[in-house]
A.B. asks: 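Before we start, here is the structure in question, set down as structure tokens.
Just so it is clear, the structure is predicted and the values come from calculations on it, not from any experiment.
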Amino acid sequence: WRLEALSRIRPSTTMPGWSSFRIFLVSPKRYHFQYDGDRDAQGRPHGRGVWREDSVHGEILSGQWCDGRPAAPFLSRTFGSGAISLGLRIGFGTTRPEGVSESSWRMNSVGLRLGVLGVECSVTGGFMAHLPQTLQHHEVGEASEMLRELDEGISAISAQPAMFGVQAFSPPTRRVALIFIHGYNCQTDWACMRLGQLLALSKLHPVVLPIVYSWSGGKVFSYYNVLQKVGTLAAGLPQLLEDLHSAGISEFHLLAHSAGCEILTAALPQLQRLPLRPVAGGAAGAPQISTVSLFNASNPEEGFLAAGGQLDQLLGVCGRVTLYCDEDDFALRSCEQMTRRGRSIGRRVQPIPAAESRVDIVNCTAMEANVAYIRHSYFDLNVHVLGDYQELLTTGCPASQRSRLVCAAPGQDSNVYSFLAPPAFVCW
């Protein structure tokens, strides 16, 4: 009631069906707002609806509501600046004992827990400083329940594709999951926000069911402990894939960043025991890992490329391996100096001799847009990287056939590709 008194909220005299207000008595102009949609017993927005407000910082927000608050999925446009943000649902499976916004020095693993978390991410215009941010979140008991909520999010987008900035489409006939494995020193909610930002900018949100595998990544100075416990911390990943397949997922895409790549490779012995369907043929109904994409991987190059090593094992369980590498990655260079394990595979930009045609290296060293000095964590912001990854997931094409890439050594048997992108200083 205090807000109503200060703002002098009342029915609009110029716009029937709207209400008007002043901004805390300081503005001589009256602004207007309206909600059109489902409500709960107390009259609050609940269900599907549209909020409109014509003040400078007001929003036109269309999508889902829960107890008077926006709930993913939704699309919001700021009335004054035109900045647009997108609300998405992200699933997560975690073996860490702490909450979604917490991290702990004690990198313990417990039983796999599942949940759904809403995130809001900027997509165009002035990116707002408070975004990305988390919305409501809750845990669920079964993988089927988590997938049902994610399916509902895709159904809401397919019902109003123009509202979400995508072309009209039919929901996928196959249930495809994108599993993101984050690096160390990363909370569950932050990993969900990073995956949400990637989906929002690449327009992958109507195509895949986004799920984070969140392992107990410790804090800033926990890297050595991560390396010692990597096998234990990876144990929940195969279980997550098995539970998702039992709930109806037929195809997986795995995306790992930094130390998350070592979590993925540590889980390979268990993944090899799953009844995975190979690239061609295989048992009907068996799950398939179509792509594995490693961004700024911290795995030591020697062990990764050794005969029968991690790369060979990855090719045994998936259809295509793509390495997004940056030779100037300062974080990986620092880890190499501290751990004395040799060069990280995430800094290799030379061809892999005798590599299968199912392996590609994408050289990101020349990327400048949205790349911080440390050059380690821009996979969800740089539009060239995002566009190429989107094309990889939607078409399954090798790097030689993707539209944003060019072979770094034309005329040679090379599996290294660079982006068709001018540097930032070139302009006329």
Side-chain angles (χ1 to χ4, degrees), residues 179-184 213 215 223-238 241 252-280 288-327 329 331-364 376 379 392 398-399 408 413-417:
I179 310 296
F180 174 48
I181 308 157
H182 60 75
Y184 96 105
Y213 173 65
W215 51 282
Y223 190 65
Y224 286 105
N225 292 336
V226 168
L227 297 180
Q228 294 172 358
K229 297 184 177 181
V230 66
T232 302
L233 299 172
L237 179 59
L241 268 61
F252 294 95
H253 297 277
L254 303 185
L255 160 63
H257 174 246
S258 189
C261 302
E262 301 201 49
I263 295 294
L264 171 57
T265 53
L268 281 171
Q270 293 92 336
L271 291 176
Q272 291 171 333
R273 289 195 288 269
L274 296 179
L276 296 172
R277 178 161 46 95
V279 181
Q288 175 181 330
I289 300 178
S290 295
T291 67
V292 170
S293 302
L294 307 180
F295 289 85
N296 305 82
S298 62
N299 305 60
E301 180 182 43
E302 182 178 358
F304 189 85
L305 298 179
Q310 296 167 353
L311 178 58
D312 289 342
Q313 294 177 55
L314 282 171
L315 291 171
V317 300
C318 77
R320 177 163 299 281
V321 175
T322 305
L323 299 167
Y324 289 86
C325 301
D326 192 318
E327 191 174 20
D329 188 321
L332 293 184
R333 193 188 297 270
S334 299
C335 289
E336 293 165 10
Q337 296 297 321
M338 291 188 298
T339 61
R340 301 296 180 182
R341 298 191 300 165
R343 185 169 68 167
S344 301
I345 192 64
R347 290 205 310 116
R348 182 188 178 98
V349 293
Q350 295 79 33
I352 298 177
E356 287 197 34
S357 60
R358 295 187 288 137
V359 180
D360 294 315
I361 295 177
V362 179
N363 185 356
C364 303
H376 185 65
F379 64 93
L392 169 63
D413 186 15
S414 174
N415 53 7
V416 179
Y417 296 84

A.B. asks: Evaluate the side-chain proximity of Q310 to I345: yes if any heavy-atom separation is below 4.5 Å, no if none is.
C.D. replies: no

A.B. asks: Pick from L237, V226, T232: which one makes a side-chain contact (heavy atoms from CB on, under 4.5 Å) with W215?
C.D. replies: V226

A.B. asks: Stepwise, does the side chain to side chain contact (heavy atoms under 4.5 Å, CB included) test hold for L294 with L264?
C.D. replies: CA-CA 9 Å; L294 307 180; L264 171 57; 3.8 Å; yes

A.B. asks: Hey, could you give me the CG/CD1 distance between L323 and I352, rounded to the nearest 0.5 Å?
C.D. replies: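 Reported to 0.5 Å precision, the distance equals 5.5 Å.
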
A.B. asks: Establish, from distance only, whether the side-chain atoms of H376 and S258 form a donor-acceptor pair under 3.5 Å.
C.D. replies: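 A pair is found: one side chain offers a donor N or O, the other an acceptor, under 3.5 Å apart.
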
A.B. asks: May I ask you to decide if P398's main-chain N or O and R358's side chain share a donor-acceptor pair within less than 3.5 Å?
C.D. replies: no

A.B. asks: For atom CD of Q272, decide whether the heavy atoms of other residues, nucleotides or ligands shown that lie under 6.0 angstrom number more than 12.
C.D. replies: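 Enclosed: over 12 neighbouring heavy atoms sit under 6.0 Å from CD of Q272.
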
A.B. asks: Would you name the heavy atoms of A234 and Y213 that are closest together and state the gap between them?
C.D. replies: C-OH, 3.9 Å

A.B. asks: For E336 and S344, indicate whether the former's side chain and the latter's backbone hold a donor-acceptor pair under 3.5 Å.
C.D. replies: yes

A.B. asks: Within the structure provided, determine whether S293 and L392 are in side-chain contact (heavy-atom separation under 4.5 Å).
C.D. replies: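 S293 reaches L392 side chain to side chain.
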
A.B. asks: Which word best sums up how the rings of F180 and F379 line up, parallel for under 30°, tilted for 30 to 60°, or perpendicular for over 60°?
C.D. replies: tilted

A.B. asks: Would N225 and Y184 count as a side chain to side chain contact (heavy atoms under 4.5 Å, CB included) if you check the C-alpha gap in whole Å, the side-chain angles of each, and the deciding distance to 0.1 Å?
C.D. replies: CA-CA 10 Å; N225 292 336; Y184 96 105; over 6 Å; no

A.B. asks: Please name all residues satisfying salt bridge (charged side-chain N to carboxylate O under 4.0 Å, His left out) with D326, sequence neighbours left out, ordered by chain then number.
C.D. replies: R375

A.B. asks: Might you point out which heavy atoms bring P351 and S414 nearest each other, and give the distance in Å?
C.D. replies: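 Closest approach of P351 to S414: CG-OG, 3.7 Å.
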
A.B. asks: Could you pull out the closest heavy-atom pair between C325 and I361, with the gap in Å?
C.D. replies: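 Closest pair (atom of C325, atom of I361, distance): SG-CG2, 4.1 Å.
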
A.B. asks: To check you understand the geometry: which heavy-atom pair defines the closest contact between F252 and L241, and what is its length?
C.D. replies: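 For F252 and L241, the tightest heavy-atom pair comes out as CZ-O, 3.5 Å.
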
A.B. asks: What heavy-atom pair brings P353 and R348 nearest, and what distance separates the two atoms?
C.D. replies: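 Smallest interatomic distance, heavy atoms only, reads CD-NH2, 3.6 Å.
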
A.B. asks: Apply side chain to side chain contact (heavy atoms under 4.5 Å, CB included) to the pair T322 and T291, showing each step before the final yes or no.
C.D. replies: CA-CA 8 Å; T322 305; T291 67; over 6 Å; no

A.B. asks: Quick one: do V230 and L227 satisfy side chain to side chain contact (heavy atoms under 4.5 Å, CB included)? Show the steps, please.
C.D. replies: CA-CA 5 Å; V230 66; L227 297 180; 6.0 Å; no

